[in-house]
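Encoded as structure tokens, the structure appears first; notes follow it.
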Amino acid sequence: MQENYNHKEIEKKQQAKWHNSKTFVVNENNPKPKYYCLSMLPYPSGKLHMGHVRNYTIGDVIARFYHLNGYNVLQPFGWDSFGLPAENAAFASNVPPAKWTYQNIDYMRWQLQSLGLAVDWSREFATCSPTYYKHQQWLFTKLYEKGIIYRKNGIVNWDPVDQTVLANEQVIDGKGWRSGAVVIKKEIPMYYFKITDYAEELLQGLDYLDGWPEQVKTMQRNWIGKSVGMEIHFPYTDNLGSLIVFTTRVDTLMGVTYVAIAPGHELATAALKIKPELASFIEEYKNGGTSEAQLATQEKKGVFSGLYVKHPVTNELIPVWIANYVLMNYGSGAVMAVPAHDERDFEFASLNNLPIKIVIRPNNGKLDLPMTAAYTERGILFNSRQFDGMDFDRAFNAFEEFLTKNNLGRAKTNYRLRDWGISRQRYWGCPIPIIHCENCGDVCVPETQLPVILPENLIPDGSGSPLAKLADFYNTTCPQCGAGARRETDTMDTFVDSSWYYARYTCADNDKQILDDRVNYWAPVNQYIGGIEHAILHLLYARFFHKCLHNLGLVKSSEPFTNLLTQGMVLADTFYREDALGKKTWFNPADVHVVTDEKGRQISAVLKADGLNVQIGGQEKMSKSKNNGIDPQMIIEQYGADAARLFMMFTAPPELSLEWSDNGLEGANRFIKRLWKLVYEHKQAGIVKCFTSGELTIEQKKLRTLLHQTIQKITHDIAVRRQFNTAIASIMELLNSYSKMSFISETEKALSQEVLEAVVIMLSPIIPHICEELYEELAPGEKLLDRQWVVADIAALDVDEVEVIIQVNGKLRGKITVAKSLSREQVEDMAKQNSNVAKFIENQIIKKIIFVPGKLVNIVV
RNA sequence: GCCCCGAUAGUUCAGCGGUUAGAACUUUGGACUUAAAAUCCAGCGACGAAGGUUCGAUUCCUUCUCGGGGCACCA
């Protein structure tokens with residue numbers, strides 16, 4: 001064994017070993033229980049960033065831990081490789097997106113492999129590969145046939161100069177990012193997934209996802225936005241139809257003093273014909289035009305439309321107002337307004353001097369009058385004719401009966417969730433397998449003609465839709481009637497690609513079918529790991545797809561991911577200089593020298609290149625714009641993958657954001673070197689078998705107790721809490737105690753052997769290269785990965801003497817060491833006899849003695 | 001505005017109804033060295049504020065302050 005730790009040599013050796021012996025290649029023919037551990041697949045942007053390193057290290061620690069615990073562990077990897085950045089890179093550097101993407105994948109795969117991940121690379125795929133999207137297109141046609149996919153018009157951002165549709169992020173201050181032209185809204189036909197059909201199922205499924213963070217489930221619940229209420233008809237004065245509103249507070253129906261409609265509502269258009277002066281208001285607010293945040297804070301404004309509708313119960317005339325606070329795309333775009341019991345209506349009525357009619361009073365007592373704010377709690381009805389005296393539930397039923405009987409409404413549940421538009425007028429995506437035929441309409445591409453291949457040698461120029469300019473691509477014949485037809489030239493949203501990839505890993509080599517029975521061996525994913533930024537869209541879409549796959553009979557489970565871990569961001573210091581115009585130039589932390597005070601606080605920073613001051617900008621998420629990204633490759637070169645992994649896992653718990661610091665990395669490196677040295681010294685003295693029996697001193701027994709306590713703690717930290725930082729800290733504590741002792745005799749050496757073997761096994765999920773190397777030294781001929789995880793020895797945990805603290809009135813006054821077997825009375829007597837304690841209870845009346853076995857005696861005087 | 005999470009050493013994180021509140025980094029001193037680095041040893045250093053519950057509160061509860069996140073006219 002070498003005296004000095006050499007990360008390059010060891011990591012290369014261990015990685016070669018894993019690769020050559022196919023250590024992490026798995027199949028289903030295994031008696032062990034399965035464990036599917038998955039980290040979100042990355043977009044191949046060019047090179048790895050620290051967020052990736054963190055994500056994949058967390059996944060790897062969990063995968064390796066389950067491996068050692070006797071599971072058949074699958075950890076696959078792939079690439080979310082369709083998407084806009086490839087197109088942008090293409091016309092910036094004149095390389096086809098396909099070539100750019102595959103080059104990036106090759107480089108990033110090499111980077112990832114240098115991290116030493118326990119991945120089954122035989123299952124790797126890229127979503128842009130025809131062998132993957134072929135099945136996606138097939139799935140599309142199945143869902144289309146089942147009516148889960150339909151076509152309707154949708155609104156897109158249209159750049160009139162580039163003649164192209166822009167993604168939201170390509171619209172900057174309302175202008176096209178390349179042309180600078182003012183972007184307009186345009187209606188074009190698009191395909192939609194009917195995710196709303198699954199709203200209830202997606203909502204209810206959350207209740208069973210015990211392994212998901214509450215925060216994520218809450219976000220999904222809010223996003224689905226279920227509300228139970230009533231649809232109510234307010235008849236037009238001419239009795240030709242009625243205005244339909246949705247409310248969750250039908251109990252306040254008798255308090256309606258006006259109704260409000262969105263500026264985009266058809267009734268507003270009708271009112272415009274009678275009252276042309278409404279035009280300016282309607283135009284201003286019709287399309288919103290402004291951002292959602294502005295919309296939420298903008299002042300409530302409205303105009304009277306000149307129209308009236310009839311109250312469904314009283315037939316009174318109710319004025320119709322056009323108001324900017326009514327949303328066109330929720331419910332029916334119209335609301336009944338009850339100023340007395342709704343904050344927004346109260347505000348609007350106050351501004352416009354509209355009447356306020358109170359119909360709900362608190363369950364006990366009265367309202368303070370005059371009202372200064374709406375009373376929005378549920379209560380008891382009054383001023384409500386036959387409904388007087390009812391509570392919310394009774395009123396709901398009574399109104400439902402009344403409205404249903406008179407054909408004036410019905411109970412209704414609304415969801416905030418909208419259908420998912422997946423058409424993208426882009427080149428680098430999965431082609432939508434539809435053929436438009438003049439005779440037959442929209443026809444699915446038959447299975448035998450799949451995949452619809454995306455040409456890979458194209459370089460988009462940023463204008464128009466590339467496929468729509470390729471006659472070779474879109475000219476085709478109708479599969480039904482054989483006539484000339486036009487192929488769909490839109491591609492799918494890349495969220496589609498990532499909505500089912502986890503299932504495909506289980507049978508990635510099957511080119512005949514999308515999925516086979518192997519998916520039911522591996523799915524659902526036991527542990528899914530990824531960034532919190534995917535809490536809503538990706539995770540909801542994947543759940544939706546899983547339910548679709550389930551209904552097609554392709555998977556047996558009902559949810560894709562049993563446990564979810566959402567990891568925090570990686571932050572780094574930022575430094576900048578500001579010029580006279582206020583423009584900031586950002587400097588990379590690697591190029592800056594930070595001056596600290598004697599406590600280690602940052603006081604100033606200078607640029608290494610010129611020695612002049614730079615401003616300290618605080619910690620920010622690593623990004624190109626702030627130039628604070630740290631290159632993982634440099635770290636791996638200099639310190640090794642193990643040090644990088646250890647630092648990532650030690651510095652912060654997985655869910656919290658992690659602040660990058662070079663000092664922390666030095667610390668991780670130091671710990672690894674220390675571990676190496678401890679094993680080296682032990683080995684110099686001669687390796688032996690682990691301790692099983694023998695005489696130990698009290699100190700040695702304590703060390704052994706600590707070892708087995710640590711084993712328990714770490715097992716719990718990794719398996720249950722997923723808190724790797726605390727696991728590492730407790731090993732540090734253990735090693736601190738260990739290195740204070742010396743191990744000379746055979747028994748002592750055996751104890752040392754036991755500690756070191758256990759430490760190496762426990763650390764191996766986190767720093768696998770060095771641990772496997774050290775294990776080979778500690779146990780020649782054996783392999784760490786064949787070992788079982790360490791189990792705490794109950795006997796070692798059992799101590800026969802305990803230290804008991806003695807308090808008088810809750811204050812510490814002494815402590816004694818007693819045999820565990822002593823009775824309460826014996827311990828209390830010993831406590832009272834303690835000389836220091838005696839001083840405090842002298843001449844006092846003992847009121848009470850609190851006794852906590854094995855811990856303390858508290859004498860209350 | 002509403003909801004959630006957090007506040008412990010200079011920093012990043014642990015912890016706990018009860019002993020002397022743990023790690024690591026930073027920092028100070030010492031050993032080693034011609035010197036430095038590396039290494040080892042030792043040290044400095046903390047429970048946001050106020051109330052309440054309790055024999056005893058850093059821990060539980062309430063309020064406040066500060067920070068982070070989510071939602072945001074969803075009728």
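Here is how names work: the chains are called A, B, and so on, in the same order as the sequence lines, proteins then strands, and each is numbered from 1.
In this structure B/U39 sits in a base pair with B/A31, meeting the Watson-Crick or G-U test at under 3.5 Å. Pair assignment for B/C2 gives B/G70, based on Watson-Crick or G-U wobble hydrogen-bonding distances that are each under 3.5 Å. Pair assignment for B/U65 gives B/A7, based on Watson-Crick or G-U wobble hydrogen-bonding distances that are each under 3.5 Å. Across all strands shown, B/U54 remains unpaired; no Watson-Crick or G-U wobble contact has both distances below 3.5 Å. For B/C13, the paired nucleotide is B/G22, the pair qualifying as Watson-Crick or G-U wobble because both relevant distances are below 3.5 Å.
Of all nucleotides listed (B/A75, B/A23, B/G15), B/A75 comes nearest to the side chain of A/Val335. The side chain of A/Thr651 sits closest to B/U12 out of B/U12, B/C40, B/A75. Of all nucleotides listed (B/G15, B/A38, B/A75), B/A75 comes nearest to the side chain of A/Asp342. Of the candidate nucleotides B/A23, B/U12, B/A75, B/A23 has the atom lying nearest to any side-chain atom of A/Asn736. Nearest to the side-chain atoms of A/Glu733 among the listed nucleotides B/G22, B/G70, B/A75 stands B/G22. Nearest to the side-chain atoms of A/Met219 among the listed nucleotides B/U12, B/A75, B/G70 stands B/G70. Distances were taken from every side-chain heavy atom of A/Met732 (C-beta onward) to each of B/A23, B/A14, B/U39; the shortest belongs to B/A23. Considering only side-chain atoms of A/Ile536, the nucleotide from B/G15, B/A24, B/C71 that sits closest is B/C71. Here B/C13 is the nucleotide among B/C73, B/A14, B/C13 with the atom lying nearest to any side-chain atom of A/Ala652.
The minimum heavy-atom distance linking A/Ile261 with A/Ala334 is given by the pair CG2-CB, 3.7 Å.
Residue contacts for A/Asn725: at a heavy-atom cut-off of 4.0 Å it reaches the sugar-phosphate backbone alone, with no base atom in range. Counting non-hydrogen atoms under 4.0 angstrom, A/Gly225 reaches nothing in the nucleic acid. Nucleic acid contact class of A/Asn414 (heavy atoms, under 4.0 Å, all strands): none. As judged by a 4.0 angstrom heavy-atom cut-off over every strand, A/Ser227 is placed among residues touching the sugar-phosphate backbone only. Using a 4.0 Å heavy-atom criterion, one finds that A/Val245 contacts no nucleic acid atom at all.
The shortest distance between side-chain heavy atoms of A/Tyr5 and A/Lys677 does not fall below 4.5 Å. Residues A/Glu3 and A/Trp676 fail the side-chain proximity criterion, which asks for heavy atoms closer than 4.5 Å. Inter-residue side-chain proximity for A/Val857 and A/Ile850 is flagged as unmet; no heavy-atom pair is nearer than 4.5 Å.
Distance noted for atom P between B/G15 and B/A7: 10 Å (whole Å). Using C1' as the reference atom, B/A46 and B/U27 are 15 Å apart when rounded to the nearest Å. Taking atom P in both B/G69 and B/C13, one finds a spacing of 14 Å when rounded to whole Å. B/G43 sits 37 Å from B/C61 when the P atoms are compared, rounded to a whole Å. Distance noted for atom P between B/G29 and B/C44: 15 Å (whole Å). With C1' as the reference atom, B/A75 and B/G17 are 47 Å apart, rounded to whole Å. The same atom, P, is picked in B/C60 and in B/U26; the two are 32 Å apart, to the nearest Å. Taking the P atoms as reference points, B/U34 lies 24 Å from B/U28, given to the whole Å.
With rounding to whole Å, A/Phe650 atom CZ is found 13 Å from B/U26 atom C1'. For A/Glu347 and B/G1, the CD to C1' distance is 11 Å, given to the nearest whole Å. Atom CD in A/Gln807 sits about 8 Å away from atom C1' in B/U19, given to the nearest Å. For the pair A/Phe724 CZ and B/C13 C1', the computed distance is 15 Å after rounding to whole Å. Regarding A/Leu734, its CG atom lies at a distance of 17 Å from the P atom of B/G22, rounded to whole Å. We find that CD1 of A/Ile850 is positioned 13 Å from P of B/A57, with the value rounded to whole Å. Distance CD (A/Gln723) to P (B/G15): 7 Å, rounded to an integer number of Å. Atom CD in A/Glu3 sits about 18 Å away from atom P in B/A38, given to the nearest Å.
Using cut-offs of 30° and 60° on the angle between ring planes, the pair A/His534 and A/His538 is perpendicular.
A cation-pi geometry, defined here as NZ or CZ lying under 6.0 Å from the six-membered ring centre and within 45° of its normal, does not hold between A/Lys300 and A/Phe348.
Under 4.0 angstrom from either OP1 or OP2 of B/A75 there lies at least one side-chain N or O belonging to A/Tyr330. Look at A/Arg416 and you won't find any side-chain N or O under 4.0 angstrom from OP1 or OP2 of B/C71. Between B/G15 and A/Arg721, a contact under 4.0 Å exists linking OP1 or OP2 to a side-chain N or O. Taking only side-chain nitrogens and oxygens, A/Arg670 never comes nearer than 4.0 Å to OP1 or OP2 of B/A24.
Using a 3.5 Å distance cut-off with no hydrogens or angles, the side chains of A/Ser227 and A/Asn414 do not pair a donor with an acceptor.
At a threshold of 4.0 Å, the pair A/Arg249-A/Asp345 does not count as salt-bridged, since none of the basic side-chain nitrogens sits closer than that to a carboxylate oxygen.
Aromatic ring centres of A/Tyr738 and A/Phe743: separated by under 6.0 Å.
Checking A/Ala334 against A/Lys740, the closest nucleotide of RNA chain B that is more toward the 5' end is the one next to A/Lys740. Closest-nucleotide positions on RNA chain B for A/Ala668 and A/Lys713 were compared, and the one nearer the 5' end corresponds to A/Lys713.
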